[in-house]
Trainee: 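Next up is a structure, given as structure tokens.
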Amino acid sequence: MELGWLLWGAAVLLLLPVLMELSPAVNFALRIGFYYLLFFVCSALTAPVCLLVNGGRTVKNMRIIKTVVKTFKYFFGLRFEVKGLENFEVEGPAIIVSNHQSILDMMGLMEVLPDNCVQVGKKELMYAGTVGLIIYLGGVIFINRKSTSSAKMVMAEVAKTMATDNVKVWVYPEGTRNCTGDLLPFKKGAFHVAVQAQVPVIPVVYSSFTTFYNPKKNLFTSGKIKVEVLPPIETKGLTSDDVSELTDRCYRTMRATLFRLSGRPGE
Ligand SMILES: CCCCC/C=C\C/C=C\CCCCCCCC(=O)SCCNC(=O)CCNC(=O)[C@H](O)C(C)(C)COP(=O)(O)OP(=O)(O)OC[C@H]1O[C@@H](n2cnc3c(N)ncnc32)[C@H](O)[C@@H]1OP(=O)(O)O
Ligand SMILES: CCCCCCCC/C=C\CCCCCCCC(=O)OC[C@@H](O)COP(=O)(O)O
């Protein structure tokens, strides 16, 4: 019996590289499956450490999470080329907004995440097993995208507490993943919070993943991701009447940067 399993295991190990070469679908499934497995296992191992070191749900756990997640890029041959980190050095809280292409964004997020920064995430993530636990412990703010009123209430609360807690809040204004190489129209919540809290908006742009990652084409290879942190956009003196213009300005700046970083001609 054992010999049978041994032979079977050896055959799979020998065949795997061939299978991965022959079938992009196998290669994609194995790589993305390994990514989920890393999430799942590392979350299970990191949660007790967060509880031991920091005692519970606190943004301080993001330092531990960041240290672990920053190692993931080496497993997938991904490199980050970062510019503008000095733009995070604003006095006090800020709203950070970035484009959102894929679950791989978690590596890009942790590559540049400043201290004392929590993220806004869809509440469904709370139920993602051990990952839900670790993002809860990291202080992630959960919103119900299906209920604008409740999401607005949560965001209004964020606007009130981010000053006292002195935290930055990272929001993906597209509101969903989008791996097309362009930006979806921006939701306005992040910009309402920035104006309500009178804190700057700091745009962050990641170059397009399409050269190395496309689930529809079973493409997932190694690659370089350019990241640019843009200068903060002040909101002091702005009111809710200015939110649409602020959103549009941020959208245009980020879209032009996305095209530049991705080597795509601007429109
Ligand atoms: C150790 C191993 C670890 C392994 C794990 C590794 C890493 C994980 C660890 C940590 C990191 C976790 C990070 C998780 C990130 C997850 C990211 C996501 O889930 S993205 C999806 C969720 N995010 C969002 O949706 C944010 C963007 N959405 C918004 O801000 C929306 O505006 C909204 C608040 C949800 C409302 O949604 P709606 O569709 O109604 O959007 P509109 O913007 O069109 O608003 C309609 C209307 O309301 C006005 N409005 C909006 N917001 C507000 C507000 N806050 N106050 C007042 N008014 C508001 C808006 O202006 C519109 O009105 P009008 O058209 O008249 O202007
Ligand atoms: C033994 C194998 C174990 C594997 C079991 C898997 C257990 C769960 C593992 C990983 C869960 C993935 C969630 C990690 C957080 C990723 C953040 C993210 O990118 O979420 C997507 C969200 O922004 C937008 O969602 P939509 O694009 O609107 O949809």
Side-chain angles (χ1 to χ4, degrees), residues 57-62 65 87-88 90-101 105-106 108-110 112-128 131-132 134-178 183-206 229-230 232-255:
R57 173 173 160 92
T58 165
V59 66
K60 290 183 197 145
N61 288 326
M62 278 296 170
I65 294 168
N87 287 316
F88 278 144
V90 294
E91 271 303 301
I95 291 288
I96 299 171
V97 288
S98 78
N99 54 321
H100 191 10
Q101 303 182 70
D105 282 321
M106 294 303 103
L109 170 73
M110 296 299 164
V112 301
L113 189 74
D115 255 353
N116 285 333
C117 182
V118 291
Q119 301 77 31
V120 169
K122 62 180 185 182
K123 71 174 176 61
E124 292 83 350
L125 293 175
M126 227 187 311
Y127 314 115
V131 178
I134 202 72
I135 59 181
Y136 172 80
L137 290 175
V140 168
I141 299 157
F142 296 102
I143 59 165
N144 178 358
R145 290 182 299 187
K146 298 182 182 73
S147 162
T148 303
S149 55
S150 83
K152 283 160 73 170
M153 275 165 57
V154 169
M155 304 284 263
E157 194 53 32
V158 170
K160 281 194 205 120
T161 55
M162 66 191 289
T164 44
D165 299 344
N166 191 27
V167 289
K168 291 180 176 66
V169 179
W170 190 301
V171 183
Y172 291 102
E174 295 169 282
T176 185
R177 289 165 290 181
N178 150 49
L183 289 183
L184 292 175
F186 278 5
K187 305 283 187 180
K188 298 176 185 167
F191 306 97
H192 274 285
V193 173
V195 167
Q196 286 161 10
Q198 291 288 284
V199 298
V201 176
I202 306 175
V204 180
V205 182
Y206 294 86
V229 183
L230 301 178
I233 302 171
E234 283 305 330
T235 66
K236 283 208 182 335
L238 298 187
T239 69
S240 57
D241 295 340
D242 303 304
V243 165
S244 290
E245 200 284 322
L246 173 66
T247 307
D248 292 345
R249 174 182 165 196
C250 208
Y251 176 83
R252 288 194 304 274
T253 305
M254 288 177 68
R255 192 166 186 248

Trainee: Determine whether more than 12 heavy atoms belonging to other residues, nucleotides or ligands lie under 6.0 Å from atom NZ of K60.
Mentor: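 No, NZ of K60 has 12 or fewer neighbouring heavy atoms, counting only those of other groups under 6.0 Å.
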Trainee: First locate atom OG1 of T148, then atom CE of M153, and finally report the distance between them rounded to the nearest 0.5 Å.
Mentor: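 The OG1 atom of T148 sits 12.5 Å away from the CE atom of M153.
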Trainee: Between L125 and V140, is the side chain to side chain contact (heavy atoms under 4.5 Å, CB included) condition met? List the steps.
Mentor: CA-CA 10 Å; L125 293 175; V140 168; over 6 Å; no
Trainee: Using a 4.5 Å cut-off on heavy atoms from C-beta on, say whether the side chain of M162 contacts that of I95.
Mentor: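 Yes, side chains in contact.
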Trainee: Considering residues, nucleotides and ligands other than Y136, do more than 12 of their heavy atoms fall under 6.0 Å from its OH?
Mentor: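 No, OH of Y136 has 12 or fewer neighbouring heavy atoms, counting only those of other groups under 6.0 Å.
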Trainee: Are the side chains of M155 and V120 in touch, meaning some heavy atoms are under 4.5 Å apart?
Mentor: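 The answer is yes; the side chains approach within 4.5 Å.
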Trainee: Would the distance check show the side chain of Q196 and the main-chain N or O of S240 forming a donor-acceptor pair, the cut-off being under 3.5 Å?
Mentor: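 Not at all, since once roles are kept as given, no pair shorter than 3.5 Å links the two residues.
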Trainee: Which heavy atom of P185 sits nearest a heavy atom of Y251, and at what distance?
Mentor: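 Taking every non-hydrogen atom into account, CA-CE1, 4.1 Å.
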Trainee: Look up atom CG in L246 and atom OG1 in T239, then write down how far apart they are to the nearest 0.5 Å.
Mentor: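 Result: 10.5 Å between the selected atoms.
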Trainee: Roughly how far, to the nearest 0.5 Å, is NZ of K187 from CZ of R145?
Mentor: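 So the gap between those two atoms works out to 9.0 Å.
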Trainee: Looking at SG of C117 and CG of L109, how far apart are the two atoms once the value is rounded to the nearest 0.5 Å?
Mentor: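 It is 7.5 Å, given to the nearest 0.5 Å.
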Trainee: Side chains of P232 and N87: closer than 4.5 Å at any heavy-atom pair?
Mentor: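 Result yes, sub-4.5 Å side-chain heavy-atom pair found.
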Trainee: Give a yes or no on whether R57 atom CZ has more than 12 heavy-atom contacts from other residues, nucleotides or ligands under 6.0 Å away.
Mentor: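 Buried by this count: over 12 neighbours within 6.0 Å.
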Trainee: Which pair of heavy atoms, one from P200 and one from T235, lies closest together, and at what distance?
Mentor: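 Reported closest heavy-atom pair: N-OG1, 4.3 Å.
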Trainee: I need the minimum non-hydrogen distance between D242 and G237, along with the two atoms involved.
Mentor: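 Taking every non-hydrogen atom into account, OD2-O, 4.5 Å.
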Trainee: Evaluate the side-chain proximity of T176 to L184: yes if any heavy-atom separation is below 4.5 Å, no if none is.
Mentor: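 Sidechains of T176 and L184: in contact.
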Trainee: To the nearest 0.5 angstrom, please state how far the CD1 atom of I65 sits from the CE atom of M62.
Mentor: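 CE of M62 is found 4.5 Å from CD1 of I65.
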Trainee: So, do K123 and K146 sit near enough that their side-chain heavy atoms are less than 4.5 Å apart?
Mentor: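 K123 vs K146: side chains apart.
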Trainee: Considering non-hydrogen atoms only, spot the tightest contact between P203 and C250 and give its length.
Mentor: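 The pair with the smallest heavy-atom distance is CG-SG, 4.0 Å.
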Trainee: Is there side-chain contact between F191 and P173, with at least one heavy-atom pair below 4.5 Å?
Mentor: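 Yes, close enough: below the 4.5 Å cut-off.
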Trainee: Do M110 and L113 have side chains that approach each other closer than 4.5 Å (heavy atoms only, starting at C-beta)?
Mentor: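 They are in side-chain contact.
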Trainee: Heavy-atom count check: over 12 atoms from other residues, nucleotides or ligands less than 6.0 Å from M126 CE?
Mentor: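 Correct, the count exceeds 12.
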Trainee: Once side-chain hydrogen bond (donor to acceptor under 3.5 Å, both in side chains) is applied, what residue pairs with a partner in residues 153-175 remain, sequence neighbours excluded?
Mentor: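 Listed once each, the pairs are S98-W170, E174-N178.
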Trainee: Determine yes or no for a side-chain-to-main-chain donor-acceptor pair under 3.5 angstrom, with Y206 supplying the side chain and D105 the backbone.
Mentor: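 Checking the backbone N and O of D105 against the side chain of Y206, no donor-acceptor pair under 3.5 Å is found.
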Trainee: State the CG-CZ distance between N99 and R255, to the nearest 0.5 angstrom.
Mentor: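 It is 12.0 Å, given to the nearest 0.5 Å.
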Trainee: Hey, mind stepping through I141 and V169 against side chain to side chain contact (heavy atoms under 4.5 Å, CB included) and telling me if it holds?
Mentor: CA-CA 9 Å; I141 299 157; V169 179; 4.1 Å; yes
Trainee: Taking only residues two or more places apart in sequence, or in another chain, which ones meet S147 in a side-chain hydrogen bond (donor to acceptor under 3.5 Å, both in side chains)?
Mentor: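 For S147 the side-chain hydrogen bond (donor to acceptor under 3.5 Å, both in side chains) partners, ignoring immediate neighbours, are S149, S150.
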